[in-house]
Amino acid sequence: MKRFAQIGPDGRRFAPAKKRFLANTFSRWRGSAPTRIIIAWLTILLPVTGAKAATVTWLPSGPSTNDWTIGANWSGGNAPTNGDDVVITNLNVGVLLTNATASLSSIVLSNRCTLIFSNWDTSLSATNVTILSNATMTVPAAFRNDWMSNRVWVVCSNLALWGGANINVNGGGYLSGNGPGTPVTANEPAATHGGRGGSLRYTDLGALYGSVEAPLFPGSGGKTNNSAAQGGGAVRIEAAENVMINGIISANANDASGNYTGGGSGGSIYITCRTLTGTSGIARANGGSHGGNSGGGGGGRIAVVYNSAAQSNVTAPSVTFQTLPGSGSYPGDVGTLYFSDNQFLANPISHSGQWLVAGFTNFVTNALTIANASIGFPGESFLLDVAGNLTVSGSTARLWLGSNIFYGNTPYVSAATSGPTLRVGGNLIITNSAQLHVFGGYTNDAVAYGARIAVTGDIVVASGSSLLPHSRTNTSAAPLITARNVIVRSGGSITASSFGYCKRDGPGKASAASGGAGYGGKGGYSGGPTYGSSNAPTLPGSGGSVGTPSSYPQAARGGGLVRIEAESVQVDGSIAANGANGSGNGSGGASGGGIFIICNRFEGGGTLSANGGNNGGNAGGGGGGRIAVWFEARNIGALTQKLQENPAYSAWPAANLPLFTGTVSVAGGSGDVASNNGTNGTTMFIQVPPPGSVFTFR
């Protein structure tokens, strides 16, 4: 029988020999409260065995980097072998690991030391891995496609990354101009990985690559002639038991430098474990920012695969996961976040990325706050159902619903066949410069919309904030917004500008190569025709023609569609559905989109606009769009039904708007000469007949 000296807080016993080893190892810090916690954690996790492991301590000090495999660098004169307990505590020392280690019993890093993993197949194997404050695991410099690449690869039972400690592979991916997600052409485009890089020309972008569920690839370098835009590196952690993240795991790309240089893409972090814990930890694989007049790098990929049943029995970690894009003149897209289930999806949401869980089609919660996080739910027919209030708040706060792809600075809807539904039982509040994006799928013919925003209470869009309904790029599908009251504060906006049909698409596309698109007004330069209803505009604007270069998609998109049904609508800010300007010689302007509002009370002093886009040179301007506001509508449900039965239904035009004092514009875009301007669109303010009036159908 063995005699045990102590029982830990989890009920596990640990032996005197192991306890003496830990006391000697941490003698220099003995007595401090953090050290007592660390020692307790280690002694609980270290297994009790009959054999006494050797303690091997690193000897050289100073800032120089030394080889792990040289025996003279270690106490005892030999490099660590199977079962050893390894301690590296030398201030500012660098230890280079070029081959896989033996199977260690434990390793402790501390005191600003750095363990450098070189070569792709180099792994650190230990039962327990502890990285204390100011210690770091990292990789050498970035690499080219044909070089041996690097990553941090840890195989263990338990890993503890304490506060102030780092696993840092920032800029440790592919060099600038290298990698599977590197842009095709030089300068403006940024690199792609889990999210697309930003670019004015979408055809220049590198492809999405890597696995959502098991990401292993490093990030790619931005297309630039300098060495500043390296992609993020790769981190692989294989833990049989627990991973604790109190510090930072970072696989960010480096920012580009110099004008017209795109950022690198974020790298990858792949963790498999039984459970994950942590307090105030961060795991990130963000894209790099641009050097100027170019794109931000796409976000990388993070996946954490754990045992769902075991995870439910431990305290949920307060760890933030991020795959943000880099900033740029043309922003990139967020990367991917994959988890075994939704246990980490707590309120408020602090994570940033496309949230991907197998079979995840709806998220039902009592209340939800997204504060300075950028989270996307791209699933097909996704339902976000919030019983109480939904608040999106903060200058970096973004909520995306529906499937989307970013090309340049304009989101494009991908091949989703059915759009999302946002259902809010309380109020929807968008504030402090936040944004809410909703992407339409194919139009549901029964209800004639491509996505749904249904709010029982009020929608409030505060100053500097935006609600952005996106039409599907090659159909008429657009989100329908319903609420009790819709309030757009001064400086706030509901905007669908450039969210309509894409280039050379839509009923109003121009037949002439340089023509502007039409909608409520005709496009210039033998441009596209008018279409749709002036009284009930339910279609977005059409895309303009494209000149040289021909790969500018966002420069040709028509205005989208803003469709609102509410008891009251107060616009002190703006509601906009403007068409995009042409870009490049011979490119015509896109047509303005549609704004269709049905309400009982319409008021405010803001602006409504559905203007056509200007030409890009030697081309026609886009035609103005269509705006219709039906007010004093008492029974909106019945009115909507009549409209679906007969879209040409017309109520009584109003001579004026007694409560709205703002401005309305459906101007055609300018052509290269006045005769090639797009013509103005249509504006209808319609007072709905009171009960008992005779309806006339056409």
Side-chain angles (χ1 to χ4, degrees), residues 278-280 282 308 311-312 314-322 324 334 337 339-357 359-379 381-402 419-439 451-469 479-489 492 494 564-568 570:
T279 303
S280 302
I282 298 174
S308 294
Q311 185 67 45
S312 66
V314 300
T315 302
S318 57
V319 177
T320 299
F321 298 92
Q322 296 177 341
L324 288 164
V334 292
L337 301 175
F339 301 94
S340 299
D341 54 34
N342 293 306
Q343 292 189 52
F344 301 165
L345 196 60
N347 184 34
I349 292 177
S350 61
H351 311 300
S352 295
Q354 300 177 55
W355 191 270
L356 299 168
V357 170
F360 185 39
T361 60
N362 63 85
F363 179 30
V364 180
T365 182
N366 290 328
L368 186 62
T369 297
I370 298 167
N372 287 314
S374 297
I375 192 77
F377 299 108
S381 304
F382 191 85
L383 168 64
L384 175 57
D385 192 345
V386 183
N389 292 342
L390 168 60
T391 302
V392 187
S393 175
S395 59
T396 59
R398 304 288 185 269
L399 171 60
W400 287 279
L401 294 174
T421 297
L422 170 60
R423 194 158 56 214
V424 180
N427 299 321
L428 169 59
I429 302 168
I430 309 170
T431 187
N432 295 320
S433 301
Q435 295 181 4
L436 168 58
H437 296 256
V438 180
F439 295 84
R452 191 78 164 83
I453 304 172
V455 179
T456 303
D458 299 340
I459 297 175
V460 180
V461 185
S463 178
S465 302
S466 300
L467 171 58
L468 301 103
L480 170 63
I481 302 168
T482 62
R484 179 177 57 193
N485 302 300
V486 175
I487 303 166
V488 184
R489 304 289 190 199
I494 298 177
I564 300 172
E565 297 175 6
E567 286 299 315
S568 73
Q570 179 180 336

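On a predicted model such as this, the values are computed, not experimentally measured, just so you know. What's counted below: heavy atoms across the whole structure, side chains too, no hydrogens, waters or symmetry copies.
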D385, V424, T369 screened by side chain to side chain contact (heavy atoms under 4.5 Å, CB included) with L390, the one that passes: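 Result for side chain to side chain contact (heavy atoms under 4.5 Å, CB included) with L390: V424.
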Taking side chain to side chain contact (heavy atoms under 4.5 Å, CB included) as the criterion, tell me which of I494, L436, T391 meets it with I430.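 Answer to the side chain to side chain contact (heavy atoms under 4.5 Å, CB included) test with I430 among I494, L436, T391: L436.
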Closest heavy-atom pair and its distance - [X], [Y]:
| X | Y | answer |
| --- | --- | --- |
| N389 | N427 | OD1-N, 2.7 Å |
| L468 | Q435 | CD1-CB, 3.9 Å |
| A373 | I349 | CB-O, 3.7 Å |
| F344 | Q311 | CE2-NE2, 3.7 Å |
| F439 | G402 | CD1-O, 4.2 Å |
| A483 | V486 | CB-CG2, 4.0 Å |

Atom pair [atom1] ([X]) and [atom2] ([Y]), whose distance is rounded to the nearest 0.5 Å:
| X | Y | atom1 | atom2 | result |
| --- | --- | --- | --- | --- |
| L384 | T365 | CG | OG1 | 8.5 Å |
| R423 | L383 | CZ | CG | 5.0 Å |
| T482 | I453 | OG1 | CD1 | 8.5 Å |
| L401 | L422 | CG | CG | 5.5 Å |
| E567 | R484 | CD | CZ | 9.5 Å |
| S433 | N372 | OG | CG | 9.5 Å |

Tell me, do [X] and [Y] make a side-chain contact under 4.5 Å, heavy atoms counted?
| X | Y | result |
| --- | --- | --- |
| E565 | L480 | yes |
| S318 | T279 | yes |
| L467 | I481 | yes |

Show, in sequence, the C-alpha distance, side-chain angles and deciding distance for F363 and W355, and conclude whether the side chain to side chain contact (heavy atoms under 4.5 Å, CB included) test is met. CA-CA 11 Å; F363 179 30; W355 191 270; over 6 Å; no
In sequence, state the C-alpha distance, the side-chain angles, and the governing distance for L345 and V357, and then conclude on side chain to side chain contact (heavy atoms under 4.5 Å, CB included). CA-CA 11 Å; L345 196 60; V357 170; over 6 Å; no
Verdict with supporting geometry, S352 and V334, side chain to side chain contact (heavy atoms under 4.5 Å, CB included): CA-CA 7 Å; S352 295; V334 292; 5.7 Å; no
